[in-house]
Amino acid sequence: MSEAPAVSVRGVSRVFEDGRLRALDGVDLDVATGEFVAIMGPSGCGKSTLLHLIAALDRPTEGSIMVGGHDLAGRANLNHYRARDVGIVFQLDNLLPTLSASENVQVPMFGHQRSGRARHRRAEELLGVVGLAGRAHTRPPQLSGGERQRVAIARALANSPALLLADEPTGRLDSESGMRILELLKRLREERRLTVVVVTHDPRVAAQADRIIEMLDGRIVGERIQAQTPAAAASS
Amino acid sequence: MSFLSLVAKNLFRQPVRAFLACLGIAVGITTVVALGVIVEGFKNSSGAIMTMGEADFFVAQNGASDLSFSTLPESTESEIAAQPGVERTAPAIFHITRAGANPFFFLLGLKPSDISMSPPPLVAGRLIAEGAPDEVLLGDEAAAQLGVAPGDPLKLADHSFQVVGVYHTGEKFEDNGGKASLTTVQEIAAKPGSLSVVYVYVVPGTDVGKVADAIEKAVPLAASIVDIDDYDKVDQGFRIIEALNAAIIVIAVGVGAIGVMNTMVMSVYERTREIGVLRAVGWSGFRVLRMIVTESLLLCLVAAIAGTALGVAAVEGVMRIPAVKSLLEPEYSTDIFVRALGVAVVVALVGAAYPAYRAIRLTPMEALRYE
């Protein structure tokens, strides 16, 4: 029996401004466990809206979203879902400027039965994973754009989610920093069997994904498979 | 990183704003503490008048605006003495006059025989003799301030006295005042035949409260002061001070809460996107609310500590004024500090209410989209 998709989006629409703006219009999408999917499209096509709905930052007007086999609409505690089951990286790193890199990584861990010391240890470990072991006590304004985005990735991994969502993670970075971030995402996907969904309008970023989903005017208008998913590769 | 250190970093990211908000609350708390300490001290000094000469209680004119204005006819004493349970009485008159640098020298007129029956603890000299209208006893602080000792002459309210003894009771009011013959003080006060109060000593084993009530029923003009809480029957000033104290607390809470609310609203508005990020990484609305309320509480706690320290310093400063020093001993009761802390907590909660409400009403996306 084939494994259930990590993410299953069915007939999802999202309407804003009392129905005048239809950002998503009947979107269907499956993402397999361990798959690296890039969602591409021009500005305003609805790709970020779709990502936000999968992250449970917003609710669909119609349709359903299943993550890990559970319908988000039926989940009693979306805070718990956002904290433990999904990690999100924004285009702007959105780090808290008064906190050090290590403290930023610890923020999602509050309320998850971790002591201050355990939070600190976990943050140091994750900063090591993203290559910032020596910058743990540096505050965001003193970090480069690429370093800040690495801290944001470490923060997204704080509670070991199975799904990592990234909204234009290289959008504000130079090409070299951007490629390093992508390499990091690919490595994390392989090492941690993460399912990764990246929203981008940059073809170079999309080229790194297993599959590219193309969106236009709130709909999926195309799909390109570039590589086998790890699960498919293992079974073939 | 602990939750508290996160809160502290949020709070002091704008140190000048936090300092000014803190200062605003601290000034209110300073007033609450200073006024509270002074009022309590004043009450205690008044309590000392009540038990002067180890009396069980005293009787004064009901409804007097101030105890020093209490006027009872001398005949009241015999009416009181006739009540069941009264062992003896001691009529007294108060007169406040200037003595040296002290404008509130408290001169108590008593019969020399009554002074002999309940003598103040002498540190020098002797008690007033019977039939010696010009002899005076001084409290040790008054004697030191006036630079006199037993045997020295002393002019008080244009009357020439001879100091015959110096006593120490430990009560500011008494130790900065003096005691003289009842008739002499009546003359000085231009109130012949009048008394301020009548001290009452009850028969041992008798219920003081019942005797006091019986006196009030039998003598319509009389108000029995058994407890400090009875004081407002004969001293409207007490009511005024307490009302003033309450008004200042209300103003301190109101002004402080507006200051805190302003600071917290600004802080929350500036951090709207950050609050969105916190929600996006799994913080519940309740945890965000707890963060904002804790920030507000921390701000007010720092203000309470600073305000209390300033309040104590203000009282100590005021106590250096001789006139005040002679009048009261500051009373640093736990109640006052609890009240200051209570004011700080109320200010914090009221000040945090709106910004916290606004923060938890926002959805994660609304907060993240905020520019």
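Labels below follow one simple rule: chain letters A, B, ... track the order of the sequence lines, proteins then strands, and each chain is numbered from 1. When reading the values below, keep in mind they use all heavy atoms of this one structure, side chains included, and skip hydrogens, waters and symmetry mates.
A:Arg82 approaches B:Ala280 most closely through the heavy-atom pair CB-O, 3.6 Å. The two atoms that bring A:Phe110 and B:Arg287 nearest to each other are O-NH1, 3.4 Å, heavy atoms only.
Top candidate by heavy-atom pairs under 4.5 Å with chain B, chosen from A:Ser100, A:Pro108, A:Ala158, is A:Pro108. The candidate from B:Arg13, B:Met365, B:Arg279, B:Glu366 with the greatest count of non-hydrogen atom pairs under 4.5 Å with chain A is B:Met365.
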- Check against side chain to side chain contact (heavy atoms under 4.5 Å, CB included), B:Thr363 and A:Asp58: CA-CA 8 Å; B:Thr363 66; A:Asp58 197 6; over 6 Å; no
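To the nearest 0.5 Å, atoms CG (B:Leu368) and CG (A:Asp167) are separated by 10.0 Å. Atom CD of residue A:Gln106 and atom OG of residue B:Ser2 lie 9.5 Å apart, to the nearest 0.5 angstrom.
No more than 12 heavy-atom neighbours from other residues, nucleotides or ligands sit within 6.0 angstrom of OH on B:Tyr354. The local environment of CZ in A:Arg59 is sparse, with at most 12 non-hydrogen atoms from other residues, nucleotides or ligands closer than 6.0 Å. Within 6.0 Å of CZ on B:Arg17 lie more than 12 heavy atoms contributed by other residues, nucleotides or ligands. Other residues, nucleotides and ligands place no more than 12 heavy atoms under 6.0 Å from the OH atom of B:Tyr357. At most 12 non-hydrogen atoms from other residues, nucleotides or ligands lie less than 6.0 angstrom from CZ of B:Phe19. When the shell of 6.0 Å around CG of A:Asp71 is examined, it contains more than 12 heavy atoms from other residues, nucleotides or ligands.
Each of A:Asn94, A:Leu99, A:Leu96 was evaluated against B:Glu274; a single residue qualifies, A:Leu96, per the side chain to side chain contact (heavy atoms under 4.5 Å, CB included) test.
Two residues are said to be in side-chain contact when any heavy atoms from C-beta on lie closer than 4.5 Å; B:Leu6 and A:Glu103 fail this criterion. Side-chain atoms of A:Asn79 and B:Phe286, non-hydrogen and from C-beta on, never get closer than 4.5 Å to each other. B:Asn10 has its side chain within reach of A:Thr98: a pair of non-hydrogen atoms, C-beta onward, lies under 4.5 Å apart.
In this structure, chain B has a heavy atom under 4.5 Å from the side chain of A:Phe90, while its backbone stays farther away. Heavy atoms of A:Arg155 lying under 4.5 Å from chain B belong exclusively to its side chain. With a 4.5 angstrom heavy-atom cutoff, B:Arg271 does not touch chain A via any of its atoms. For chain B, no part of A:Leu95 is nearby; none of its heavy atoms comes within less than 4.5 Å.
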